[in-house]
Amino acid sequence: MRTSLCLLTTLLLCYHHATHGVSLQAQKGPNCRTRPTDILFIIDSSRSVRPSEFEQVKVFLSQVVESLDVGANATRVGLVNYASTVKNEFSLKTHKAKPALLQAVKKVQPLSTGTMTGLAIQYAINIAFTEPEGARLKSPGINKVAIIVTDGRPQDAVKDISARARESGLEIYAIGVGRVDKNTLRQIASEPLDEHVDYVESYSLIEKLSKKFQEAFCVTADLCSTGDHDCEQICVSTPGSYTCACRDGFTLNEDGKTCNACGASAVDLVFLIDGSKSVRPENFELVKQFINQIVESMDVGDHRAHVGLVQYSSSVRQEFPLGRYTSKKDIKSAVKKMSYMEKGTMTGQALQYLIDNSFAISSGGRPAVPKVGIVFTDGRSQDYINDAALRAKELGYKMFAVGVGNAVEEELRMIASEPVVEHSFYTADFKAMKEIGKKLQMKICVEENPCECESIVKFQTKVEDLIQQLTKKIEAVSKKLAALENKITV
């Protein structure tokens, strides 16, 4: 009976793997512990931070704390609250258990005065990270981390004091919100800046950064089980590292991470990219990387995948039509050269352009070839989108909607094909677009490989037959056990 149950479990896992296309490694769940660290949160509660916004900061802090191994010999956490003055809410030595730590976070109240960020960093160096306050002696096994959250321009200097803090061994993360001075964030943070500087448009989005810090403090020998890898489909663990593989019917691309999801099937794919002023130049470069990430996974060629690119803001501009470039190299080069339009956000006008022009034969569209549109936006449209979004889907286009920052999720759902959950994506941070790109790489094919689908159906039928057989055997064994129990009772 035990053998039958084991076989049943194995079959069910294989069945789930075949029908959902995820690796068995991914089913194991997290296998993560946090390395011993002294973490100090330095939180701006100046008058520009409303009480409701300060509550959202506390939610973010709690989410990060929840993922930590809190303890005297594990991770210690302190919290400094600042405005015109600095208030030590609790020291690194104060709370040795997570429940007490979370309760202490809930009780913190905003100071609601000025913004003396430099003074707060100086307090961290001179007091918070000292032995009397619970900081441990500097050693390779103990990390010293400060996480600063601010939403404005400081009223004192931060450059020199931040340099001193980093030189003392502190790793500093700088999180900016709203109208924060981004140059200040760069002066504060440790190198590399792209890993230590984060920005969100509003406090309502800050808790979305918690996953980044949960992963930042995680140490594990099994990178596959935590998802801390770049494999598109299957992650294969090796000691201290991993390799990537692809499911049957897919091939591993030259980057060693992504898989060719479309094989040799033809598809016309058009990117519809928001180039409005809210995107900002540095983020527009990330958008271009996102486009090229998807292009890299495609089988581009004369009779295979064709790619077109349209940018929009207050107007619509075709960067290049379908079929102009027939190699990944040429497409990616053209994407890199795309200049930033700025101005407004006319998403409805852009969708109408897609319908009227992008897939037309005169623009390189091929008859009887599946059509895919990927719409990227970072904010609310300034025009009406519903009619054009609905028309695109009625014409049979497979539509994906990708939103970042202040994108309106209701608009994303209106643009996306059914099922919406598989065609609509959102992230608060432009830096997280890479993860969305991985998901899109596996979804942009309109038609599955019929041979592969047939194999899955056959496998599914076999599994169902075996499950029925095993169920009958289990019932028979159960009856025998019941009869045996009755004899023993008698």
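Along the sequence shown, the residues carry numbers beginning at 1. Worth saying up front: this structure is predicted, and the values here are computed from it rather than measured. Note: hydrogens, waters and symmetry copies are ignored here, and every other heavy atom, side chains too, is used.
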Enquirer: With no hydrogens and no angle check, is any side-chain donor or acceptor of Arg47 less than 3.5 Å from a backbone partner on Thr115?
Expert: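 Not at all, since once roles are kept as given, no pair shorter than 3.5 Å links the two residues.
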
Enquirer: May I ask you to decide if Ala360's main-chain N or O and Ser363's side chain share a donor-acceptor pair within less than 3.5 Å?
Expert: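 No, Ser363 side chain to Ala360 backbone: no donor-acceptor pair under 3.5 Å.
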
Enquirer: Applying side-chain hydrogen bond (donor to acceptor under 3.5 Å, both in side chains), run through Asp383 and Gln349 and close with a yes or a no.
Expert: CA-CA 7 Å; Asp383 61 352; Gln349 183 180 339; over 6 Å; no

Enquirer: Does Tyr340 use its side chain to pair, donor to acceptor, with the backbone of Lys277 at less than 3.5 Å?
Expert: yes

Enquirer: Check the SG atoms of Cys244 against those of Cys231: under 2.5 Å or not?
Expert: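 Their SG atoms fall under 2.5 Å; a disulfide, then.
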
Enquirer: For the pair Gln382 (side chain) and Thr345 (backbone), establish whether a donor and an acceptor sit closer than 3.5 Å, ignoring hydrogens and angles.
Expert: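 Side chain of Gln382 to backbone of Thr345: a pair is present.
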
Enquirer: Given 3.5 Å as the limit, does a donor-acceptor pair link the side chain of Lys343 with the main chain of Ser276, or not?
Expert: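 Not confirmed, Lys343 side chain does not pair with Ser276 backbone.
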
Enquirer: So with a 6.0 Å cut-off around CD of Glu394, is the heavy-atom count from everything else above 12?
Expert: yes

Enquirer: Looking at Gly114, is its backbone amide N or carbonyl O close enough to the side chain of Ser84 to form a donor-acceptor pair, meaning the two atoms are under 3.5 Å apart?
Expert: yes

Enquirer: Applying side chain to side chain contact (heavy atoms under 4.5 Å, CB included) between Phe376 and each of Leu272, Val404, Ile436, report the one that passes.
Expert: Val404

Enquirer: Side chains of Leu111 and Lys87: closer than 4.5 Å at any heavy-atom pair?
Expert: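 They are in side-chain contact.
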
Enquirer: Once you round to the nearest 0.5 Å, how far does NZ of Lys398 lie from CD1 of Ile374?
Expert: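 Between atom NZ of Lys398 and atom CD1 of Ile374 there are 10.0 Å.
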
Enquirer: Indicate yes or no: does Lys431 engage Asp194 in a salt bridge with an N to O separation below 4.0 Å.
Expert: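 So Lys431 does not pair with Asp194 through a salt bridge.
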
Enquirer: Got more than 12 heavy atoms from elsewhere within 6.0 Å of NZ, Lys211?
Expert: no

Enquirer: Lys328 side chain to Met298 main-chain N or O, any donor-acceptor pair under 3.5 Å?
Expert: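 Yes, because the side chain of Lys328 sits within donor-acceptor range (under 3.5 Å) of the backbone of Met298.
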
Enquirer: Between Asp356 and Gln352, does a side-chain hydrogen bond (donor to acceptor under 3.5 Å, both in side chains) hold up when you go through it step by step?
Expert: CA-CA 6 Å; Asp356 296 339; Gln352 192 61 50; 3.1 Å; yes

Enquirer: Could you list the donor-acceptor pairs under 3.5 angstrom formed between side-chain atoms of residues 170-180 and any protein atom two or more places apart in sequence or on another chain?
Expert:
| unit_1 | atom_1 | unit_2 | atom_2 | d |
| --- | --- | --- | --- | --- |
| Glu171 | OE2 | Tyr173 | OH | 3.2 |
| Glu171 | OE2 | His196 | NE2 | 2.8 |

Enquirer: Between Glu53 and Arg50, is the closest basic N to carboxylate O distance under 4.0 Å?
Expert: yes

Enquirer: For Tyr203, enumerate each residue passing the ring pair (Phe, Tyr, Trp, His ring centres under 6.0 Å) test, keeping only those at least two apart in sequence or located in another chain.
Expert: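 By the ring pair (Phe, Tyr, Trp, His ring centres under 6.0 Å) rule, Tyr203 matches no residue at all.
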
Enquirer: With respect to Arg280, which candidate in Glu342, Lys182, Glu285 satisfies the side chain to side chain contact (heavy atoms under 4.5 Å, CB included) definition?
Expert: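 Of the listed options, the one satisfying the test is Lys182.
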
Enquirer: Is it true that Asp44 and Ser46 share a donor-acceptor pair across their side chains at a distance under 3.5 Å?
Expert: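 Present: a donor and an acceptor within the cut-off.
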
Enquirer: Could you tell me whether the side chain of Lys393 and the main chain of Ser417 form a donor-acceptor pair under 3.5 Å?
Expert: no

Enquirer: Strictly distance-based, threshold 3.5 Å: is any side-chain N or O of Thr117 a donor or acceptor partner for the main-chain N or O of Pro154?
Expert: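 Side chain of Thr117 to backbone of Pro154, a donor-acceptor pair under 3.5 Å: no, none is there.
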
Enquirer: Looking only at heavy atoms, which two atoms of Val145 and Thr37 are closest? And how far apart?
Expert: CG2-CG2, 3.7 Å

Enquirer: For the atom pair CG (Leu68) and CD (Gln63), what is the distance rounded to the nearest 0.5 Å?
Expert: 12.0 Å

Enquirer: Determine, for Glu319 against Arg317, whether the closest basic-nitrogen to carboxylate-oxygen distance falls under 4.0 angstrom.
Expert: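 A salt bridge links Glu319 with Arg317.
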
Enquirer: Would you say the rings of Tyr312 and Tyr353 are close, in the sense that their centroids are separated by under 6.0 Å?
Expert: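 They do not qualify: ring centres at least 6.0 Å apart.
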
Enquirer: Run the side-chain hydrogen bond (donor to acceptor under 3.5 Å, both in side chains) test on Asp69 and Thr75 for me, step by step, so that the C-alpha distance in whole Å, both residues' side-chain angles and the decisive distance to 0.1 Å come before the verdict.
Expert: CA-CA 6 Å; Asp69 295 326; Thr75 295; over 6 Å; no

Enquirer: Could you go through the side-chain hydrogen bond (donor to acceptor under 3.5 Å, both in side chains) check for Asp330 and Ser333 one step at a time?
Expert: CA-CA 5 Å; Asp330 290 342; Ser333 177; over 6 Å; no

Enquirer: I'd like to know if the side chain of Ser314 and the backbone of Gly344 have a donor-acceptor N/O pair within less than 3.5 Å.
Expert: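 Side chain of Ser314 to backbone of Gly344: a pair is present.
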
